[in-house]
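As structure tokens, the structure follows; a few thoughts come after it.
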Amino acid sequence: MTVVKAENVVKDYDLDGQTVHALRTVNLEFNGGEFSAIAGPSGSGKSTFLHLAGCLDALTGGNIIVNGENTANMSRNELALLRRHSIGFIFQAYNLIPVLSVEENVSFPLTLIGAGKKEIRERTAKVLKEVGLDGMEKRRPKEMSGGQQQRVAIARALVKKPALILADEPTANLDSKTGREILELMLELNKSEGTTFIFSTHDQMVMDFARRIVHIRDGQIESDEVKGAA
């Protein structure tokens, strides 16, 4: 099943009166269960693609179809609902809510989609155990290491069982040992849950873990390699 399909995607930005072509007629397709990376230097367009696929930014042209729904034709409220139900995000800065505990940060997406208290409690406990954070439920983000905070962010992304998880430079603020542990955890969850992961990265370690690497430069696809493919 196709989870993300980009058709002739164009994204332009206005920067001090100059038009910046962030993406130029990009065509890409990601299927369910992929563990893939979009790689490229800073300014190549990789994060822009993730933001468009995650319904965080508006297209200039073309279509992005997420989980069977064409986002180009959707209202702001419809995009918010699609994000809320079908997409999980993992950011390099973690983006946790500092005044909430680990448990509260992770359960927040379930509250937004109207899950019942029993379901919230059970799913939150399950996912915290999966990411190795059981026993830390009452801690605040400031009481945790960077690697632990990123595990909270992964748990928060997974808890609503989304079709797609988008990870924007998820190892950028971690040392190499912790980054490897986080990638091993995400790969394990990808295999056990079948969740599609798409990374944006310039980290070679992330590329080593990915089973498919799409190289992007100056807003255009440079290459698309599936590891092990002839």
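The shown structure was predicted, so the numbers you read here are calculated from the model rather than taken from an experiment.
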So that I can tick it off, tell me whether [Y] and [X] are bridged by a salt bridge, with the cut-off set at under 4.0 angstrom between side-chain N and carboxylate O.
X	Y	value
Glu169	Lys46	yes
Glu143	Arg139	no
Glu34	Arg212	yes
Glu130	Lys126	yes

Approximate separation, where rounding is to 0.5 Å, of Asn70 CG and Lys5 NZ: 10.5 Å
Whether over 12 other heavy atoms sit under 6.0 Å from Phe91 CZ: yes
[X] (side chain) donor-acceptor with [Y] (main chain) under 3.5 angstrom:
X	Y	answer
Asn105	Leu100	yes
Asn190	Gly33	yes
Arg217	Glu222	no
Asp57	Leu52	no

Flag for Thr2-Glu29: side-chain donor and acceptor within less than 3.5 Å: yes
Output field: ring centroids Phe35/Phe199 closer than 6.0 Å: yes
Contact summary for Asn95 and Arg156, nearest pair of heavy atoms: O-NH1, 2.8 Å
